[in-house]
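Everything numeric here is computed off the predicted structure, so don't read it as measured data. Residue numbering restarts at 1 for every chain, and letters A, B, ... go by the order of the sequence lines.
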Amino acid sequence: MPDSVRAVEAVLFAAAEPMTPEEIAAHVGEGAAVETALGALAGDYAGRGVNLVERGGRWHFQTAGDLAHLLRREREEPRRLSRAAVETLAIVAYHEPVSRAEIEAIRGVQISKGTLDVLMEAGWVRPAGRREVPGRPLTYATTPAFLAHFGLENRRDLPGIDDLKAAGLLDPIDAALAEMGQGELESEDEGD
Amino acid sequence: MPDSVRAVEAVLFAAAEPMTPEEIAAHVGEGAAVETALGALAGDYAGRGVNLVERGGRWHFQTAGDLAHLLRREREEPRRLSRAAVETLAIVAYHEPVSRAEIEAIRGVQISKGTLDVLMEAGWVRPAGRREVPGRPLTYATTPAFLAHFGLENRRDLPGIDDLKAAGLLDPIDAALAEMGQGELESEDEGD
Amino acid sequence: MDPAESLDEFEEQPQLREADRLTLDLDGWEGPLDLLLTLARSQKVDLTKISILALVEQYLAFIADAKKLKLEIAADYLVMAAWLAYLKSCLLLPRDTEADPSPEELAMRLQLRLQRLSAMREAGARLMGRDRLGRDVFARGAPEGLKVIRQSLWQAELYDLIAAYGAVRARTEPAFHIVARRPVMTLDEALHRVERMLGTRLEWTRLESFLPATEDEEFRKSALASSFVAALELARLGRIELDQKAPFGPLWVRAA
């Protein structure tokens, strides 16, 4: 490889910013055929893991676009769900589709913003459309990944659901809400 | 160029620090033949303006040494080391692991507090465990960053190390220095 | 200041040096061994071939000069001077075959120490002269960087889920206890029913016969209780008569 090409290669590699041919020439010497060297290098690097590219008259090396995914690596860290998150997940699973206000009514405790986010990040809960009632609250439901994680064919497999129903603990939430101060719950929601 | 080689090239180009083959594999996928790709790339880049080098088991790209005159940054020498620091660094590198008392025995003078600190701050020297002798003195050794900075593949690359070894100049220090006004130095040491 | 250079000047004009100059020189040594090494180099021979005796003389002369000029001399220089004076006398005096180690061995050890320090000093210089990363050779100036994205792998067991749901329901059950759904016969309902049915029966009739036909045991009990209270109420109003032959016996009813 000619020395002028090697010099341009080294200068561009070490540069902190993209460089114009003039700036490169200031390093490698005016005599060097910088443009020719740039052309030769761009050819050398075509199809490699690193490419020499020109952007607005400035040259720089960059990793090939199709390999960008290699520069990110995901590392999984096992973490246990908080109690609030487990309860919320259980409520969504048993009552889906269910709005945030309804979840809070069932839990008897408000849920923090992060709780549903965590369940969605885990891939177990998804938004399931808006309910066509005043305020059009967003509802949530479980995902296939939820069933897979907990080893369930479908939601009907949730052990104990029949027992809980027989004990009168699983009345449809809408009915239950209709019979008790629904207005109050909704006003809480508005304040959110 | 095979995809695995392109991948290793891209990852090493993008990396901010030298990488072990294991770290590279974590990005390009366990299946890729990283070692083979590294060998191929080192060959590709030999004689170019940028070289692929191995330093203490870690790989990185760097500009070719003979182009230093085009790139050298006179005004910002990385670290202007004192004579004491340079000697101490050499003693650690050629004798590691080595205790402070042993360094002092070779230099015939106590090391001031800052000397080892400067070398550790530069990332070239690290504590390397205690020696199981009375007093359990802490020992010091060099780091992979030391090898990278000084362009050494491993400690066997240290300039002249074989000759020094053959001349017995790297033998354990205690044996050679048991005598000779050393008593004073040793008692100073105890007070340290 | 490089001690080797200053030493050359000092060697050339031993009588003419000034006090401040010597002070400067003394400050330039990194301890007695460094001074010894510089003096040894002035013999301009391989370190393995230096004359230890001559070196000792040089060192003692240097210290004596410094003393003459009333310079402060650090203790370790004086300790070394004393040890060298002792070594010199051992080397010059008739051999004491009992001495262990022998003076020659002590001299060799001193020589080895000088070689060792010299070797490390040269090694340091060679290290510093290498193509150094960030000074002579350069890593990529603008690496894209590699990112590790930490992704939480959320964990929960099915049991946790069920238990949590049970806990939620147990906690909030009172708020959702819906009485309306229970199969009951209200008192009003029973009053109407008993009154209406009595209109058609003038004979003593058992209270149970007024109850609706049902499989629901809960509803039957509710109907019985309500009908009993309805009967008492109707008796109070004088609309019916009640009769019971014995405690817990059947309750008989007829229109008054």
(Q) Looking at Glu17(B), I want to see if its CD is surrounded by more than 12 non-hydrogen atoms of other residues, nucleotides or ligands under 6.0 Å. (A)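 No, the 6.0 Å shell around CD holds no more than 12 heavy atoms from other groups.
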
Checking [X] against chain C: side chain, backbone, both or neither under 4.5 Å from a heavy atom?
X        : answer
Tyr94(B) : side chain
Leu70(B) : neither
His69(B) : neither
Ala85(B) : neither
Val50(B) : neither

Q: Just give me the residue among Leu89(B), Ile161(B), Leu152(B) that pairs up with chain C most often, heavy atom to heavy atom, under 4.5 Å.
A: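 Ranked by contacts with chain C, first place is Leu152(B).
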
(Q) As an exercise: rank Gly65(B), Ala16(B), Ala93(B) by heavy-atom pairs under 4.5 Å with chain C and give me the winner. (A)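 Going by pairs under 4.5 Å, I would pick Gly65(B).
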
Q. Of the listed residues (Gly145(C), Ala139(C), Gly31(C)), which shares the most heavy-atom pairs with chain B below a 4.5 Å separation?
A.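 Highest number of pairs under 4.5 Å: Gly145(C).
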
Please determine whether a side-chain nitrogen of the Lys or Arg among [X] and [Y] lies less than 4.0 Å from a carboxylate oxygen of the Asp or Glu.
X         : Y         : answer
Glu54(B)  : Arg58(B)  : no
Glu217(C) : Arg220(C) : yes
Arg83(B)  : Asp34(C)  : yes

Q) Can you check whether Ile111(B)'s main-chain N or O pairs, donor with acceptor, with Glu104(B)'s side chain at less than 3.5 Å? A)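 Looks like yes, one N/O pair under 3.5 Å.
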
Q: Indicate yes or no: at least one non-hydrogen side-chain atom of Leu114(C) is less than 4.5 angstrom from one of Gln111(C).
A: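 When only atoms from C-beta onward are counted, Gln111(C) and Leu114(C) do not touch, as no gap falls below 4.5 Å.
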
